[in-house]
Amino acid sequence: MSLPKPMMRGLLAKRLRFHLPLAFALSLFAAGIVKFGVTEPRKRAYEEFYKHYDPVKDFEEMREAGIFESVGPSKE
Amino acid sequence: MLASRALSLAGKRALSTAVCLRGGHAGVAKIDSYALPTYIDERDTPLPDICYVQNLSPDQVSLKEKEKGSWAALSNEEKIALYHISFNQSYAEMTQGSAEWKTVCGGVFFFIGLTALVLFWQRKYVYGPVPHTFDPEYKAKELQRMLDMKVNQVQGLASKWDYENKQWKK
C-alpha cells in the first residue's frame, strides 16, 4: 500500500481555525439583525408615540368606555 | 496459572478468575459469554477489547507466524488479511451512511398522522362542550373591552385599531 499517511494531529485546531471566526461572524450578524430589525424600530415607535401623547385625554377616553372601577363615566 | 495463560486470547481478567476458582472446588464457575469482553465496531472505540477472529484457521495461524518476521516481506493481500483477523469492518465501512433515515422519517410522520386521527376522535366523542366564554358574542365583548383599555397601544393590539372610525386600521 503506498497511501499517503493521513492527518494524525491538529484536527481540532484545523476545524476551529475555520469555524470559530465563522461562529463569531454569524453571531455578530444575528445580533446586528436583531438590533436594526427589532430594537431600533421599537425605540423609534415609542419615541413617535410619546411625542404627541396626552395622558389625560387617554384617561378620559378610557373612563368614558367604563373600564375603571374607581371612577365611572362623567355624569353629563 | 498455566491454564489461564493458555486461555489469554479470550481475555485475561474474566477467565483467570474462573481458573483460580477451579483450584479449590469440585465444580467450575462458568462464565457466561455476555460477561466476557466483546468485539464491537464503534467509531469512538478504535481498538476493541478483543480481536475479531478468535479461532484462527491454519492459514491464519501461519500468517500470524509470518507477521512475527519483517513486515516489509508481507504482501498487500496478507496485510489486509491480517487486518481482517483483528477487525471486522474498516472505518470507512462502519461509518458509511444508509438510507434508513427515510424509513425513520416516514414512520414518524405516519404515526403522527395516526395520532392526529385519534385526537380528532377524542375531541368529538370524549370531550364535553367548551365554556360559554368561547361564544362569538362573548369574544366580541372581550375584544371591545381590550380596545377600551388600550391594550398595547404603542405597537400592539390597540395601535392597529382606528378609534375615530371604529374599525381596524387599513
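In the text below, chain A, chain B and the rest are named by the order of the sequence lines, each starting its count at 1.
The hydrophobic clustering, which links ILVMFWY residues whose side-chain heavy atoms are closer than 4.5 Å, places B:Val154 and B:Leu157 apart. Residues B:Ile85 and B:Trp71 share a single hydrophobic cluster, defined by chaining ILVMFWY side chains whose heavy atoms lie under 4.5 Å apart. B:Ile50 is not connected to B:Ile40 by any chain of hydrophobic side-chain contacts under 4.5 Å among Ile, Leu, Val, Met, Phe, Trp and Tyr, and they are in different clusters. Under a hydrophobic clustering in which Ile, Leu, Val, Met, Phe, Trp and Tyr are joined whenever their side-chain heavy atoms come within less than 4.5 Å, directly or via other members, B:Tyr52 and B:Tyr34 fall into different clusters. Linking ILVMFWY side-chain heavy atoms closer than 4.5 Å, directly or via other members, places B:Trp121 and B:Ile112 in two distinct hydrophobic clusters.
Annotation: residues 8-43 of chain A contacts chain B through A:Pro41, A:Arg42 [non-hydrogen atoms, separation under 4.5 Å]. For residues 49-62 of chain A, a heavy-atom distance under 4.5 Å to chain B picks out A:Phe49, A:Tyr53, A:Asp58, A:Glu61, A:Met62, given by residue number.
When the shell of 6.0 Å around OH of B:Tyr39 is examined, it contains more than 12 heavy atoms from other residues, nucleotides or ligands. Environment of CG in B:Asn55: sparse, with no more than 12 heavy atoms of neighbouring residues, nucleotides or ligands closer than 6.0 Å.
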Donor-acceptor pairs under 3.5 angstrom involving side-chain atoms of residues 124-146 of chain B: please list them, not counting sequence neighbours.
from     : atom 1 : to       : atom 2 : distance (Å)
B:Lys139 : NZ     : B:Glu142 : OE1    : 3.3
B:Gln144 : NE2    : B:Asp148 : OD1    : 2.9

N/O donor to acceptor pairs below 3.5 angstrom from side-chain atoms of residues 94-105 of chain B, sequence neighbours left out:
from    : atom 1 : to       : atom 2 : distance (Å)
B:Thr95 : OG1    : B:Tyr91  : O      : 2.7
B:Ser98 : OG     : B:Glu100 : N      : 3.2

